[in-house]
Participant: 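Below you will find the structure I want to go over with you.
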Amino acid sequence: MTDPQTDLRDSEDFPVGYGDIQLISSDRVIFHFHQWLLMYMSPVFKDMFTIGNANGGNNPPSVTLSEESQTISMVLRFIDPMKDNPALEFIILRQLLEAARKYQFGKINDWVTSWLNGNDPAMEATATQFNTSQAIELLEVGMTFDVPRLSQLALRVLIKAPAQEVFVPQLARSEMFQYLMELRAKRINWFRRRLKKLLGVGAANQSIHAGNVTMGNVTYIGICTGAIELMHAIGVEPSYTCCMRNWSNHLDNIDYIHNIESNKKEFKELCESIEAELPVLPRQ
């Protein structure tokens, strides 16, 4: 129901009569909820209502909150034993964790952590698709609200992101920035070692000016130039995607080792394995 005079509307999940107090969101939604349950779950609400009742507050109590209706609805549905827990999404985590800290709903952090640590294919699939800006935001959320798994998921993306997207003021100010740089350096070295082994660059470097490098019975034509450019690209973006993009640009048309396809397959499997790993966070 909407009041045309005040632009207030009642929550569909917590309508009139559901509880004995009113919580009003910043976007003008009224949640009717149980005062006793809020007081039991939150020391902040307990103090708020205890003081209000002692001062002869209004009946039913009405509290205007700074949070939007989506956040309040998720909090109330989580703490209400008669409701199913709502589906979590990365986009709402900051607001949800901020509300949990503000009102001291300690169990919400446990809920979020359990979701992140669970075997949820949808969550895992979403986490692998973060863009760099999203990963930076979620790294900050994970650090601010002490959710290590969220920081790990964000770092997994930032380790292999293009350098120009990582070297931004928002991330450079982060306490995790130096650690991220160390992880990226290790990742770059990992890729370069395996590419050198795959392409035979170590031996090829001895004849880098020859233009026609022979290794055993195999002739490399122009491989040094392509390999060097590939190594440079990996230094900027240490990812399998970058490898393949630059590989096709420089090396696909080169006549080199006869078993390169099988080696590329093995390399791909190694890359997928390492890119799926979660960084071990430094001790605080």
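Note that the coordinates shown come from a computational prediction; the quantities given were computed from them, not determined experimentally. Each residue takes its place number in the sequence, starting with 1.
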Participant: In the structure I gave you, are the side-chain heavy atoms of F177 and F167 within less than 4.5 Å of one another anywhere?
Facilitator: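 Sidechains of F167 and F177: in contact.
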Participant: Is the shortest side-chain heavy-atom distance between V63 and I21 below 4.5 Å?
Facilitator: no
Participant: What verdict does the side chain to side chain contact (heavy atoms under 4.5 Å, CB included) test give for I72 and S25, after you've listed the backbone C-alpha separation in whole Å, the side-chain angles of each residue and the deciding distance to 0.1 Å?
Facilitator: CA-CA 7 Å; I72 296 173; S25 67; 3.5 Å; yes
Participant: In terms of side-chain heavy atoms, does E140 have a donor or acceptor partner in Q170 at a distance below 3.5 Å?
Facilitator: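 Result is yes, a qualifying pair exists.
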Participant: Side chains of L23 and L38, heavy atoms from C-beta outward: is any pair under 4.5 Å?
Facilitator: yes
Participant: For the residue pair F78 and L88, establish whether any side-chain heavy-atom pair is separated by less than 4.5 Å.
Facilitator: no
Participant: Indicate yes or no for a side-chain donor-acceptor contact from T128 to the backbone of A125 under 3.5 Å, with no hydrogens or angles considered.
Facilitator: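 Looks like yes, one N/O pair under 3.5 Å.
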Participant: Would you say CD of E272 has more than 12 non-hydrogen atoms from neighbouring residues, nucleotides or ligands within 6.0 angstrom?
Facilitator: yes
Participant: Could you give the side-chain donor-acceptor pairs of residues 90-101 under 3.5 Å, partners two or more places apart or in another chain?
Facilitator:
residue, atom, partner, partner atom, Å
R94, NE, E137, OE2, 2.7
R94, NH2, E137, OE2, 3.3
R101, NH2, T144, O, 2.6

Participant: Of the options E124, E277, E275, which is the one that meets R156 in a salt bridge (Lys or Arg N to Asp or Glu O under 4.0 Å)?
Facilitator: E124
Participant: Sorted by first residue and then second, give each ring pair (Phe, Tyr, Trp, His ring centres under 6.0 Å) pair with at least one member in residues 8-30; sequence neighbours left out.
Facilitator: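 Those involving residues 8-30 are F14-Y18, F14-F33, Y18-H34.
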Participant: With distance as the sole test, does T126 use its side chain to make a donor-acceptor pair with the main-chain N or O of A122 at under 3.5 Å?
Facilitator: yes
Participant: With clusters defined by side-chain heavy atoms of hydrophobic residues (ILVMFWY) lying less than 4.5 Å apart, directly or transitively, does V168 cluster with V236?
Facilitator: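 Different clusters.
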Participant: Which one of R184, R187, K160, R245 satisfies the salt bridge (Lys or Arg N to Asp or Glu O under 4.0 Å) criterion with E237?
Facilitator: R245
Participant: For S11 and D13, does a side-chain donor sit closer than 3.5 Å to a side-chain acceptor?
Facilitator: no
Participant: Can you tell me if NZ on K186 sees more than 12 non-hydrogen neighbours from other groups inside 6.0 Å?
Facilitator: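 No - once you tally the heavy atoms of other residues, nucleotides and ligands closer than 6.0 Å, there are 12 at most.
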Participant: Output yes when a side-chain donor or acceptor of T113 lies under 3.5 Å from a complementary backbone atom of N109, and no otherwise.
Facilitator: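 Yes, the answer is positive, given that a donor and an acceptor are paired below the 3.5 Å cut-off.
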Participant: Do side-chain atoms of R77 reach the backbone of K83 as a donor and acceptor pair under 3.5 angstrom?
Facilitator: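 No, because the side chain of R77 does not come within donor-acceptor range (under 3.5 Å) of the backbone of K83.
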Participant: Pair L171, T132 - check side chain to side chain contact (heavy atoms under 4.5 Å, CB included), show working.
Facilitator: CA-CA 10 Å; L171 186 54; T132 307; over 6 Å; no
Participant: What are the two closest non-hydrogen atoms of L183 and P279, and how far apart are they?
Facilitator: CD1-CB, 3.8 Å
Participant: Is any side-chain heavy atom of Q22 closer than 4.5 Å to a side-chain heavy atom of F31?
Facilitator: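 No, their side chains stay 4.5 Å or more apart.
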Participant: Which heavy-atom pair separates C243 from L195 by the least distance, and what is that distance?
Facilitator: SG-CD1, 3.9 Å
Participant: Testing the basics here: between C242 and A233, what is the closest heavy-atom pair and its distance to 0.1 Å?
Facilitator: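 The answer is SG-O, 3.6 Å.
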Participant: How about K107: does its NZ atom have over 12 heavy atoms from other parts shown lying under 6.0 Å from it?
Facilitator: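 Counting neighbours around NZ of K107, 12 or fewer heavy atoms of other residues, nucleotides or ligands fall under 6.0 Å, so no.
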Participant: Whether the side chain of D80 engages the backbone of L76 through a donor-acceptor N/O pair (distance < 3.5 Å, no angle test) should be reported.
Facilitator: no
Participant: What's the verdict on side chain to side chain contact (heavy atoms under 4.5 Å, CB included) for F191 and F267, showing C-alpha distance, side-chain angles and the deciding distance?
Facilitator: CA-CA 10 Å; F191 272 102; F267 177 65; 4.0 Å; yes
Participant: Any donor and acceptor pair, going by atom type alone, linking the side chain of D20 with main-chain N or O of Q35 inside 3.5 Å?
Facilitator: yes
Participant: Whether the side chain of S42 engages the backbone of Y103 through a donor-acceptor N/O pair (distance < 3.5 Å, no angle test) should be reported.
Facilitator: yes
Participant: When you measure from the side chain of D27 to the backbone N and O of S69, does any donor-acceptor pair fall under 3.5 Å?
Facilitator: yes
Participant: Find out whether S151 and M143 are in side-chain contact, i.e. whether some heavy atom of one side chain is under 4.5 Å from a heavy atom of the other.
Facilitator: yes
Participant: Using side-chain heavy atoms (C-beta onward) and a distance below 4.5 Å, is T50 in contact with M39?
Facilitator: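 Answer yes - side chains close enough.
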Participant: With side chain to side chain contact (heavy atoms under 4.5 Å, CB included) as the test, would you mind laying out the steps for L281 and Q152 before giving the verdict?
Facilitator: CA-CA 7 Å; L281 297 181; Q152 288 178 313; 3.7 Å; yes
Participant: CD1 of I136 to CZ of F130: how many Å apart, nearest 0.5 Å?
Facilitator: 12.5 Å
Participant: Rounded to the nearest 0.5 Å, what's the gap from CD1 on I234 to CZ on R192? Could you check?
Facilitator: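 The CD1 atom of I234 sits 8.0 Å away from the CZ atom of R192.
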Participant: Answer whether the closest heavy-atom distance between the side chains of E165 and L158 falls below 4.5 Å.
Facilitator: no
